[in-house]
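Only one structure is covered here, and it is reproduced in the block below.
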Amino acid sequence: MPSSESPQVNNFEEIEHTADWAYRVRGENLAQLFIQAALGLYSLVGMELASGSRITQEIQLKGIDGESLLVAWLNELLYLHESEGLGFDRLEIQHLDEKNLQAKVTGAPTQQWLKDIKAVTYHNLAIRKIESGLEVTLVLDV
Amino acid sequence: MPPLNLTGGGAMTIRKQDLQRISDYLWEIPTSFHPEMNVPVWIFADEDLIEDALGDLSLTQAVNVACLPGLVGHVAIMPDVHQGYGMPIGGVMAARVPEGIISPGAVGYDINCGVRVLASPIEYQSAIPYLNDLASTLYRNCPSGVGKGGSLPLSVEEFDRVCRQGARWALGKGYATEEDLERTEEFGCLEGADPAKASQRAKRRGKGQLGTLGAGNHFLEVDVVEEVFDSEAAAVMGLQAGCLAVQIHCGSRGFGHQICTDYVQDFQWAVINYGIKLPDRELVCAPFNSPEGQAYLAAMKAAANYAFANRQALAYHARRSFQEVFGSQAGQSLRQVYDIAHNMAKIETHQIEGEELTVCVHRKGATRAFGAGFSGLPSEYRPFGQPVLVPGSMGTESWILLGTKANEELSFGSSCHGAGRVMSRRQAKRTIRGDRLRAELEKEGINIRAGSMPGLAEEAPQAYKNVSRVVETVTHAGIAHKVARLRPIAVVKG
């Protein structure tokens, strides 16, 4: 699979949830869906990166299917923020199949992060085929 | 047959006619509602609160929970229920031990999120000139807000001690008194916690966060005891009408969040290995006695102990703040009323359908509420029952209740944990401005200190149910009875 990078257009929207946060994401393929889900997460928390030196990290994850990899991917980004104060605006999915993900992410220390997110959940998580590609709704514990 | 994934695409709506009314304050969704349900769902609610519950997907989520294997009795739903993820907030389930399951998703990410109440003999009238200073001092001394670092940095060895000892760790450090520990659920320490079952990632997230409130719905609040309903119990608890009290609401911070994240992920494999069929993947579980189940239990206890220590550290900071504002004796005189957990799995023995059973009770957004005589209470509380601490929303009243003996057969000895949300955060932010809300609350005599105005708007009183209605329901249902009502006068939020 060719690598997939951050697109110019955002394809996610916040939807109603009584207590937590939920957002719907679309992508033309699985890699784009993962990238849009990450951009949506960063958008919801109002992330802004500090200017200056850039940092690149390699991410490798295993899962049992696309949904578990998606949760692992987003939770990895949350962890990198909370443990190292990092956020990423250039996301490159180098390999993605049903059980493995390999990505290269480039960014910087965050200078703004307005909302604590405890975790990305599996609640009713299902990646669905739609006419334009794939769609998923994610629920975040805030 | 209706789809098993009830809250998934084309979610099944539960209508009022699907409920059977058992009494004025109890409704049932019988197992005949869905072929996969193993136990019925009992909902404690009055006419208005049942409409609230039907207004989102809480009851559908409750039916999902009722489909889990190994459950006994019923799934109990508290009147402050609202839609969550997996188990609804305000849900209680009991699984047989050892034949049943344990579920990290049914406990939730903020393991041992809970509430602590302290009582002061300082009279509200005499404190009025100092309240503004008190709010600022508490805000300065109790770290709060998104990404705010901890006030008590820990070495690796010390972190493990916190995990094993809970609030007892704070005693050696001078942050706690023996009475604080006596007046804490499980005396502030769950036995059997194993920090080795928590990942390095979890420890890294939690290491710098001990002694912090966090953000979201967590808060520290100063109240005045507005009315006492049970003077004998209130006197034993140290609550005096017209005097101050302090509430602290927070949990296990990033440590607990990461433990749950790790185990929900690991258990995705466990459900395949053990052939467990799930209505929602967030409800992942493993057999109680499996290596996975036992590892989660030991890690969950470590997070629970961290949370007890966290609230203890914040109580220490609250005492320091009272001392700075009111003088040297004011800190010591701030005595603990009780400290209870909202999100936890506990091994308990209950009478269920005429049989005494050992069960793993999962409470998510619900508190334990045992009646008089329970041996896990300090001796002075045993004649009365366990204190139940029910914070309202910022700007509205809070309640101190006592659990009843009868409740043990109603809801596995559980009660509501707060008011319960009724409006989404998105809608709250759209319709309420944080700065205006702060001005309105301050006009009502409530000093507000908040790190984020949008965050304040999300937690507006309008976003919550009427807490007194919730309390009326639990009292009429026989779950608990009233001791005192508190009114907020200063609120610190992240």
Side-chain angles (χ1 to χ4, degrees), chain A residues 13-23 44-47 61-65 67-76 78-85 87 99 109-130 135-142, chain B residues 5-9 11 55-58 61 64 82-86 88-89 105 108-110 145-147 201 204-205 207 209 214-218 251 253-254 256-258 260-262 264-265 268-269 272 280-284 365 420-427 452 454-455 458 463 494:
Chain A
E13 57 181 332
E14 188 181 351
I15 58 174
E16 296 291 339
H17 187 287
T18 314
D20 293 302
W21 275 3
Y23 68 115
L44 280 171
V45 298
M47 181 186 81
L61 298 164
K62 287 190 184 304
I64 55 167
D65 54 17
E67 284 83 358
S68 74
L69 275 174
L70 180 59
V71 169
W73 158 246
L74 297 174
N75 277 327
E76 181 72 17
L78 285 182
Y79 173 74
L80 288 169
H81 164 68
E82 198 159 322
S83 61
E84 295 177 33
K99 306 236 159 122
T110 53
Q111 66 172 14
Q112 179 178 286
W113 186 282
L114 299 173
K115 188 82 184 174
D116 269 341
I117 294 180
K118 292 171 189 163
V120 179
T121 78
Y122 272 93
H123 182 46
N124 291 327
L125 190 63
I127 297 172
R128 293 191 178 86
K129 280 189 182 153
I130 55 168
E135 180 185 273
V136 71
T137 296
L138 288 145
V139 176
L140 311 175
D141 184 5
V142 296
Chain B
N5 188 354
L6 294 169
T7 52
D56 65 15
L57 291 173
S58 354
Q61 292 179 340
N64 278 345
H82 62 77
Q83 183 182 344
Y85 47 88
I89 311 304
Y109 293 88
D110 201 356
V146 177
R201 294 178 147 232
R204 194 155 179 205
R205 271 180 86 168
K207 193 167 174 273
Q209 295 183 336
N217 63 355
H218 293 161
R253 311 287 289 113
H257 307 166
Q258 189 66 38
C260 185
T261 297
D262 292 340
V264 165
Q265 191 71 358
Q268 300 294 324
W269 277 271
I272 294 172
D280 175 355
R281 289 176 73 172
E282 186 63 21
L283 291 170
V284 277
R421 284 194 78 93
V422 78
M423 184 193 287
S424 75
R425 292 176 187 278
R426 185 162 177 249
Q427 194 187 341
S452 153
E458 284 185 22

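This structure is a prediction, so every number in the text was calculated from the model and none was measured. Chain identifiers are assigned alphabetically (A, B, ...) following the order of the sequence lines, protein sequences preceding nucleic acid strands; residue numbering begins at 1 within each chain.
- Judged by the 6.0 Å and 45° rule, Arg205(B) forms no cation-pi pair with Tyr79(A).
- For Thr261(B), the part lying near chain A is the side chain, with the backbone staying farther off; criterion is any non-hydrogen pair under 4.5 Å.
- In terms of heavy-atom pairs under 4.5 Å with chain B, the best-connected choice from Thr110(A), Leu114(A), Val45(A) is Leu114(A).
- For the side chain to side chain donor-acceptor pair (under 3.5 Å) with Glu82(A), the qualifying choice from His257(B), Gln209(B), Arg204(B), Gln258(B) is Gln209(B), the only one to do so.
- Chain A forms more heavy-atom pairs under 4.5 Å with one residue of Gly108(B), Ser58(B), Gly84(B) than with any other, namely Gly84(B).
- Neither the backbone nor the side chain of Leu61(A) comes within less than 4.5 Å of any heavy atom in chain B.
- There is no contact between Leu283(B) and chain A, counting heavy-atom distances below 4.5 Å.
- Looking only at heavy-atom pairs under 4.5 Å with chain A, the residue among Gln265(B), Arg253(B), His82(B) that has the most is Gln265(B).
- Of the two parts of Gln112(A), neither the backbone nor the side chain holds a non-hydrogen atom closer than 4.5 Å to a non-hydrogen atom of chain B.
- Residue contact with chain B, scored on non-hydrogen atoms closer than 4.5 Å, involves the backbone of Ile15(A) exclusively.
- To the nearest 0.5 Å, atoms CZ (Arg201(B)) and CG (Asn75(A)) are separated by 9.5 Å.
- In this structure, Ser452(B) OG and Lys115(A) NZ are separated by 7.0 Å, a value rounded to the nearest 0.5 Å.
- For chain A, the nearby part of Val422(B) is the backbone; its heavy atoms alone come within less than 4.5 Å.
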Practice item. Start with the C-alpha gap between Leu125(A) and Arg281(B), add the side-chain angles, then the distance that decides, and say whether side chain to side chain contact (heavy atoms under 4.5 Å, CB included) holds. Key: CA-CA 7 Å; Leu125(A) 190 63; Arg281(B) 289 176 73 172; 5.7 Å; no
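- With sequence neighbours left out, Asn217(B) forms a side chain to side chain contact (heavy atoms under 4.5 Å, CB included) with His249(B), Glu459(B), Tyr464(B).
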Exercise for review: Determine, stepwise, if the pair Trp269(B) / Ile64(A) fulfils side chain to side chain contact (heavy atoms under 4.5 Å, CB included).
Suggested key: CA-CA 7 Å; Trp269(B) 277 271; Ile64(A) 55 167; 3.0 Å; yes
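- Here the NE2 atom belonging to His123(A) is positioned 5.5 Å from the CG atom belonging to Asp280(B), to the nearest 0.5 angstrom.
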Exercise for review: Check the pair Tyr85(B), Asp141(A) against side-chain hydrogen bond (donor to acceptor under 3.5 Å, both in side chains), reporting the backbone distance first and the verdict last.
Suggested key: CA-CA 8 Å; Tyr85(B) 47 88; Asp141(A) 184 5; 2.6 Å; yes
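- With Glu282(B) contributing its side chain and Tyr122(A) its backbone, the two residues share a donor-acceptor pair below 3.5 Å.
- Salt bridge annotation for Glu14(A)-Arg425(B): absent, with no cationic side-chain nitrogen under 4.0 angstrom from a carboxylate oxygen.
- One finds no salt bridge joining Arg426(B) and Asp20(A) here, because no Lys/Arg side-chain nitrogen approaches an Asp/Glu carboxylate oxygen to under 4.0 Å.
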